[in-house]
There are 2 protein chains.
Amino acid sequence: MNTKKISLKDIAVKAGVSTALVSYVLNGKEKESRVGQEIAKKIKEIASELNYQPNHLAKSLRSGKTHTIGLVIADISNPFFANIARVVEDEAKKSGYTVIIGSSDEKAEKAWDLLNVLINRQVDGFIIVSSEHSESHIRHLKERNIPFVLLDRHFPDLQTDFVATNNYKASYDAGVHLVEGGYEHIGLIAYKSDMYHMRERIRGYRQALKDHHFDLNPNWLKEVRFENIEKEVKIAIDEMISSKDKVDSIIFATYGLAINGLKYINELKLKVPSDLAIVSFGQAEVFDLYYCPITYLKQPLEMLGKTSVELLLEKLKNPDVGMKQILMEAKLIVRDSSMARSLHKIS
Amino acid sequence: MNTKKISLKDIAVKAGVSTALVSYVLNGKEKESRVGQEIAKKIKEIASELNYQPNHLAKSLRSGKTHTIGLVIADISNPFFANIARVVEDEAKKSGYTVIIGSSDEKAEKAWDLLNVLINRQVDGFIIVSSEHSESHIRHLKERNIPFVLLDRHFPDLQTDFVATNNYKASYDAGVHLVEGGYEHIGLIAYKSDMYHMRERIRGYRQALKDHHFDLNPNWLKEVRFENIEKEVKIAIDEMISSKDKVDSIIFATYGLAINGLKYINELKLKVPSDLAIVSFGQAEVFDLYYCPITYLKQPLEMLGKTSVELLLEKLKNPDVGMKQILMEAKLIVRDSSMARSLHKIS
DNA sequence: TTTTTTTGTTTAATCGATTAAACTTACATT
DNA sequence: AATGTAAGTTTAATCGATTAAACAAAAAAA
């Protein structure tokens, strides 16, 4: 079983020339390097006959470019990130880039470890969905001149390239939508986090209520910890529906919060939307299949992924290109879960 | 901004020794190579002072090992594969391996391209969820002595390592469960495919009916094409419920089929389980959140992923280790969607 | 004192590909 | 005939790390 890989040298020997010629020919530099016609032809023939495949490691070591990009996300088993990852993979492949994906579990330390592993593997650049408390790490990348683009989340105090959703606007839209549907006690369940994207979602919600002259009942805004999501979502909902000013609708600030929330709402046998209207961030099959299809904010996943790759590749090609900061709009997909109150069936 | 990477040579120069010594010390070979005590200490200090990070490319080129494994799956945005990918990533990381994931979209040609890209990038081995018509490619890998483990799907005619679910048994269990629940017209919607795992799911279903002396009504077994899943699932369901021997229950052979099927069942306003009982392969949040929680076959994702990594790494360490073929059992998680007929509420 | 052994360190080849520079011929120009 | 130019090819350094082999100096054995 001939298992040895074919190298440039093997071809060179077989053709009776030096490896230099082979390299020139196989890289299409026959013209500039004035390689003889017949010899070029011969080399090509031998190469395809032996099914030569260049060794990327050697190429990369020499060139300093691996044509690999690192994608750091929170968790590949979360559909939001899985979808993004797929888009990034496809888009990168179009330009001959390979993607290495790593999950950080929203932990700054894990993310940092990941970045370092990937840096040692000489990835050319990063697309990063950053975690809380990782601002200093991002700053560090910047100082080291390692090319990266932040995706979905960014740090307002840090001048970096990024591609993200306009979370303020999205959340504002959700709030206004519920107000216009006649809901008056609108709650928001978000993560307890200093991350800008989360603060923006909260800010949008607040502004929507303010603009419609609603009081900001502090009991309607719940922030739960990622690490203890299951329990704390339950507590949040319990508190929201048990006070005298109980909510008639809830906005979930992420897909994960919605899943947990809906499970509990099912347990409580609350009916959507008559007992509780729902709007959620994220998109997923669950929202279609729920007995009462869920109104959600559809983020422009394809565009987010695609654009982040484009930005990064542009930066890799020309490191001095200006900084780009791109905000995209989410789209509110209205379904029955936030049906206008006037349309509720009287039970 | 000093952006240059630190190399062995930089340390050597600073310490006033050759690169060989530095290499020995930093690889813990000071003893075997009898490096002087003080010089060893000095080298270590300088290395950590300069925050030296070895260049993996160079290491790999020299050693012929990249500590990278390629994971070829159908689609990372499918939760089944996303979950597997996560397990594989974590398990590989424990042993210092990095995973490169690629999606084949169930297309043999895409999978083949992927394999070749990854081979050129010198991955040490593969974990592969193979596609239809890719048997020849797998055979080719085998002939080239490229280490791999098949995951979730395998080819009975091909002697290879694999880790998979006992699909026959899983499907059989699902069938028996419905029979015992008093269902008499049990349908199966599967993919039209020659893949062994799919044939096994069909065989299990058939055997379950046979063993309980049911006729195999050909109208109850539908095979739909992956490329046209949405339409053909609808047609399949239409046909199954419109004949005079209409089905009272359906087994979906994959998660994707179930999603499409349930959407249509909702459209038709059929009630689960009174109009139609449901059992599905796969696991996902949807099944919990559906108004009538769905009975499903829970595949041992963690074990599948973990074991496939273990097998592969074992093979990488010792290429002459014997072939391993591992079948794991799926577990039927019973929920309301397949409630015994005797318990249905009379409407 | 001479020889052998031990200890400590350097040299140089290697992995596979790239590429500037050097080197041969052959051909053209004066 | 002498010189210049173009065409075609090879040499050798390089990327960064590893490691067998060579080497030198000091210590031990004869």
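The shortest distance between the side-chain N/O atoms of A:S18 and the OP1/OP2 oxygens of D:dT10 is below 4.0 Å.
In summary, the side chains of A:T66 and A:R121 do not present any donor paired with an acceptor at a separation below 3.5 Å, with no hydrogens or angles considered. Using a 3.5 Å distance cut-off with no hydrogens or angles, the side chains of B:S103 and A:E89 do pair a donor with an acceptor.
Once rounded to the nearest 0.5 Å, the distance linking OH of B:Y52 with CD1 of B:I6 reads 10.0 Å. Atom OH of B:Y24 and atom OG1 of B:T19 lie 9.5 Å apart (nearest 0.5 Å).
Atom pair B:K41:NZ and C:dG8:C1' shows a separation of 18 Å (rounding to whole Å applied). One can place NZ of B:K65 at 15 Å from P of C:dC15, the figure rounded to the nearest angstrom. Taking atom CD1 of B:I39 as the reference point, atom P of C:dG8 lies 12 Å away to the nearest angstrom. As rounded to whole Å, 9 Å separates atom C1' of C:dA17 from atom CG of A:L61. To the nearest angstrom, C1' of D:dA13 lies 11 Å from NZ of B:K9. In this structure, the NZ atom of B:K5 is 10 Å from the P atom of D:dG16, given to the nearest Å. Residue B:L21 contributes atom CG, which lies 6 Å from atom P of C:dT9 at whole-angstrom precision. Distance B:L8 CG to C:dT10 C1': 15 Å, rounded to the nearest Å.
Contact between B:V25 and B:E30 at its shortest, heavy atoms only, is O-OE2, 4.2 Å.
In terms of polar N and O atoms assigned as donor or acceptor, the side chain of B:Y24 comes within less than 3.5 Å of the base of D:dA20 in a complementary pairing.
Of the two residues near DNA chain C, A:P54 and B:A20, the one whose nearest nucleotide lies more 5' is B:A20.
Side-chain N or O atoms of B:E132 include one that pairs as donor or acceptor with a backbone N or O of B:D194 at under 3.5 Å. At least one donor-acceptor pair closer than 3.5 Å links the side chain of A:S308 to the backbone N or O of A:L304.
A heavy atom closer than 4.0 Å to some atom of DNA chain D occurs in B:N27, B:K29, these being the qualifying members of residues 25-38 of chain B.
The residue A:L57 sits apart from the nucleic acid: no heavy atom pair falls under 4.0 Å. Within the 4.0 angstrom heavy-atom criterion, only backbone atoms of the sugar-phosphate kind lie near B:V17; the bases stay farther away. Residue contacts for A:S7: at a heavy-atom cut-off of 4.0 Å it reaches the sugar-phosphate backbone alone, with no base atom in range.
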